[in-house]
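Chain identifiers are assigned alphabetically (A, B, ...) following the order of the sequence lines, protein sequences preceding nucleic acid strands; residue numbering begins at 1 within each chain. What you see below is based on every heavy atom in this structure, not just the backbone, and it leaves out hydrogens, waters and symmetry mates.
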Amino acid sequence: MHGFWGRLLHVDVTTGRSATRDIDEERLRKYLGGVGLGASLLYEYAPPGVDPLSSANPLVFASAPLVGTRLTTTAKFAVVTKSPLTGFIADSLSSSHFALELKRLGIDALVITGRAPAPAYLFIDGDRVELRSAEHLRGRAPADAEAAIRGELQRPSVWTATIGAAGENRVRFATISNEGRHAGRGGAGAVMGAKNLKAIAICGARETTVADPDALERMAAALRRRSVGTLTGKYRHLGTVANLAVFDRLGALPTRNFQQATFEAADAISGETLTASRFSRRHGCASCTIQCERLFASGNGTGEQRLEYETLFALGPLCGVGDPAFVLEAARLCDTYGLDTISTGGTLAWAMESADRGLLPDARAAALRFGDGAGVLAAIRAIAMREGSGDLLAEGTRRAAAAIGADSADWAMHVKGLELPGYEPRSLKTMALGLAVSPRGACHNRSGAYEADFSAGVDRLRGDAGRGGLVAASEDFAAVLDSLIVCKFLRKCFTDFYAESADILGALTGWTCTRDDLRRTGERIHALKKLFNVREGWQPSDDWLPPRLLAEPLRSGVASGTTLSAAELGEMIRGYYGAREWDERGFIPPSKIRDLGLPDDHSIAHTRSA
Amino acid sequence: MTCVVELFGVARMLAGCRDVPITVPDGATLADVWSALSRQVPMLAGRVIASNGAGLADGYACNVNGLDFVRNSAASINPGDRVLIVSADAGG
């Protein structure tokens with residue numbers, strides 16, 4: 001087989017035993033790699049109804065066919081598990097050298113189950129699998145642990161994926177980090193922490209083969225050329241922080257827990273301002289020509305900190321913080337403890353509003369106020385260490401609101417338990433639908449539904465049933481990107497994505513693959529994620545938005561006064577289910593399951609939909 | 001008549017300013033705005049404004065008054081309009 005290994009490694013960290021297993025070609029054709037393969041393995045390995053923080057919940061690291069080729073932006077891997085935050089699928093991507101090394105192990109996926117009897121890290125050196133003590137690494141930041149492991153193994157070619165204190169303490173939105181990047185959303189770090197696993201260190205030496213190297217190189221060269229043109233100019237010159245000023249101008253920048261859609265201090269923390277005043281250097285993943293990462297002089301001026309739009313929005317405007325020094329320091333702390341910055345900011349913003357209303361009993365949390373940068377820094381540490389009210393906030397907004405009660409769920413800004421990213425749904429109606437129906441919860445990465453709102457011919461302030469087809473197409477597109485894997489920042493560089501990707505996959509694997517085959521693959525992968533959620537208890541009420549968004553008009557910006565009604569959202573959701581050919585309540589009909597070749601568990605879907 | 005072009009991201013960095021007032025004849029279109037902008041801020045020509053001056057370069061999008069995204073350079077503009085040039089790639 002070209003492009004794949006056709007096997008996985010399963011490690012039970014309770015016993016330290018490991019075994020390899022073949023993955024048949026049919027499965028790889030159906031789900032590719034990355035998120036698709038990861039979802040397929042999650043479906044198989046997770047016992048139905050499994051507690052996400054139990055030893056039985058599998059933690060899947062999935063490689064992908066394009067990893068290790070000369071195609072730009074493909075050094076990526078997926079982490080897939082059942083989310084402790086949502087109770088549904090969590091599929092996160094990270095990238096760079098760890099991704100390359102994972103493929104070099106000679107496997108397409110690593111599946112971890114069990115719970116180590118004591119803090120440990122997993123060392124996989126080619127075919128050798130070893131569980132080593134991590135007692136000395138307890139509480140250490142991912143970057144520190146990474147350096148320590150590399151030092152003690154005396155192997156410069158070892159790459160690691162590591163959790164911080166937040167993961168060890170099972171904060172439900174803890175991340176898994178590698179080389180300063182993160183598998184961020186959904187709390188995979190807590191799952192790893194619950195396995196008593198501080199890190200995974202890997203070192204491989206194998207290379208997959210390519211069916212038609214010349215053809216693949218021609219296509220790779222063309223993409224490399226396009227990747228350094230104006231199509232990626234935003235990422236190369238400013239990075240994603242460029243979004244902030246635009247979103248503010250368009251009335252789409254969630255501010256103070258979605259109470260406003262513009263931020264009065266947007267100019268002070270915009271990407272343009274940060275670049276002019278604090279830019280330190282540009283960086284990027286291995287095997288990437290775009291190099292989108294922007295590092296800025298940190299808050300105290302002694303170091304540098306990576307910053308992305310979502311982090312900037314969540315720790316800045318969402319919490320009312322307009323001082324870049326505080327935002328950068330908050331970002332650094334999240335990296336240090338291994339926290340998802342979106343969920344951290346979302347949970348803090350919920351806490352600030354709750355404190356405003358006198359609902360938080362703990363004195364320190366009760367003092368939290370919008371705009372209080374120092375308070376944010378203290379609260380981040382409290383969350384990571386589960387100290388005081390941090391223990392409550394470490395559960396995320398949905399559980400925290402349920403614990404506090406008193407209508408606080410009305411301003412708990414999450415979908416399925418996952419906190420909202422930095423896109424205001426009331427002024428981006430297609431995105432509103434995308435957020436409501438995403439299997440991962442409120443997510444901006446498993447679809448790019450906002451792209452429709454930012455394009456000509458779509459009224460972003462008014463929703464209709466036609467948005468359903470746009471969101472479904474965007475989700476399928478993302479599913480293929482996330483399974484091949486190609487970075488989304490390259491997506492505009494394709495003229496005909498499905499056709500070009502089918503050619504690339506054909507040149508790599510030798511398979512005959514058409515544009516329509518690949519489009520179908522995207523639909524199948526997305527449907528599998530939904531099917532997993534249905535098996536884990538998804539109900540139609542889970543595809544909905546927080547009450548605030550349906551009850552309050554926008555109060556600032558060019559779209560001030562705009563509302564999103566329940567009827568409008570309902571119409572879009574019905575349009576979406578129709579576009580998907582699911583039933584009117586959002587369950588996948590048995591005929592569709594069969595048609596897509598999904599696991600034949602239709603009795604579950606059918607029973608629940610009856 | 002006069003309109004104002006607001007620049008974001010790379011366009012702002014290249015021009016070194018946030019906005020550019022543009023004077024064009026009554027009944028002007030976006031294409032007229034792009035021509036005038038290329039003359040006033042030559043740094044944008046060929047980089048943000050397409051080389052032929054008729055539209056925006058790949059990777060850029062136009063929004064009018066913060067509300068409507070407009071692709072057609074033949075679209076007319078009104079006095080006082082604010083014409084935004086933003087990245088066509090909205091996500092991240």
Side-chain angles (χ1 to χ4, degrees), chain A residues 226 229-252 262 267 270-272 275-276 292 308-310 312-313 421-423 427-428 431 444-445 447-461 478 488-489 491-493 557-559, chain B residues 4-20 29-31 34 38 43-77 80-92:
Chain A
R226 284 182 242 162
T230 56
L231 290 166
T232 59
K234 179 181 99 173
Y235 301 118
R236 287 183 296 108
H237 296 294
L238 272 134
T240 58
V241 292
N243 289 351
L244 192 128
V246 177
F247 284 23
D248 183 66
R249 181 65 176 86
L250 301 181
T262 57
D267 193 45
S270 72
E272 292 87 339
T275 300
C292 69
E308 301 290 344
Y309 166 69
E310 291 296 341
L312 176 60
F313 127 82
Y423 298 78
S427 56
L428 301 169
M431 186 60 176
H444 67 292
N445 273 329
S447 86
Y450 52 81
E451 287 203 300
D453 294 315
F454 290 118
S455 61
V458 171
D459 184 350
R460 66 187 174 94
L461 302 184
K488 293 192 176 68
F489 295 172
R491 68 190 186 278
K492 300 274 187 187
C493 297
V558 291
Chain B
V4 175
V5 177
E6 296 182 27
L7 303 171
F8 292 86
V10 176
R12 186 185 293 181
M13 290 169 66
L14 287 169
C17 60
R18 304 166 63 99
D19 43 48
V20 183
T29 64
L30 279 173
W34 306 144
S38 292
M43 183 62 78
L44 299 179
R47 296 182 177 191
V48 177
I49 313 290
S51 301
N52 64 8
L56 294 176
D58 285 346
Y60 294 92
C62 164
N63 178 289
V64 178
N65 297 323
L67 289 171
D68 301 316
F69 282 84
V70 181
R71 187 182 300 154
N72 184 1
S73 291
S76 58
I77 59 160
D81 272 350
R82 313 280 300 188
V83 179
L84 283 55
I85 297 179
V86 302
S87 167
D89 209 342

**Request:** Counting only heavy atoms closer than 4.5 Å, note whether A:D267 contacts chain B via side chain, backbone, both or neither.
**Result:** side chain
**Prompt:** Pick from B:G59, B:A11, B:A90: which one has the most heavy-atom pairs with chain A under 4.5 Å?
**Reply:** B:A90
**Request:** Return yes if some donor-acceptor pair links the side-chain N/O of A:D453 with the main-chain N/O of A:M431 below 3.5 Å, else return no.
**Result:** yes
**Which portion of A:L250 sits near chain B, non-hydrogen atoms under 4.5 angstrom** = both
**Message:** Strictly distance-based, threshold 3.5 Å: is any side-chain N or O of B:R18 a donor or acceptor partner for the main-chain N or O of B:F8?
**Reply:** no
**Message:** If we ignore hydrogens and angles and just use 3.5 Å, is the side chain of A:K234 paired with the main-chain N or O of B:D89 as donor and acceptor?
**Reply:** yes
**Request:** Check whether any side-chain N or O of B:R12 sits under 3.5 Å from a backbone N or O of B:C17 as a donor-acceptor pair, and report yes or no.
**Result:** no
**Prompt:** With chain A, which of B:E6, B:R47, B:R71 has the greatest number of heavy-atom pairs at distances under 4.5 Å?
**Reply:** B:E6
**Prompt:** Relative to chain A, which segment of B:N72 carries a heavy atom at a distance below 4.5 Å: side chain, backbone, both, or neither?
**Reply:** neither
**Asked** Between B:S73 (side chain) and B:L30 (backbone), is there a donor-acceptor pair under 3.5 Å?
**Response** no
**Request:** Check each atom of B:V70 against the heavy atoms of chain A and say whether the ones under 4.5 Å are side chain, backbone, both or neither.
**Result:** backbone
**Complete:** Bottom line for B:D58: the part with an atom under 4.5 Å from chain A's heavy atoms is both
**Prompt:** Under 6.0 Å between the ring centres of A:F247 and A:Y423?
**Reply:** yes
**Asked** If you count heavy-atom pairs under 4.5 Å between each of A:T240, A:D459, A:N243, A:T275 and chain B, which one has the most?
**Response** A:N243
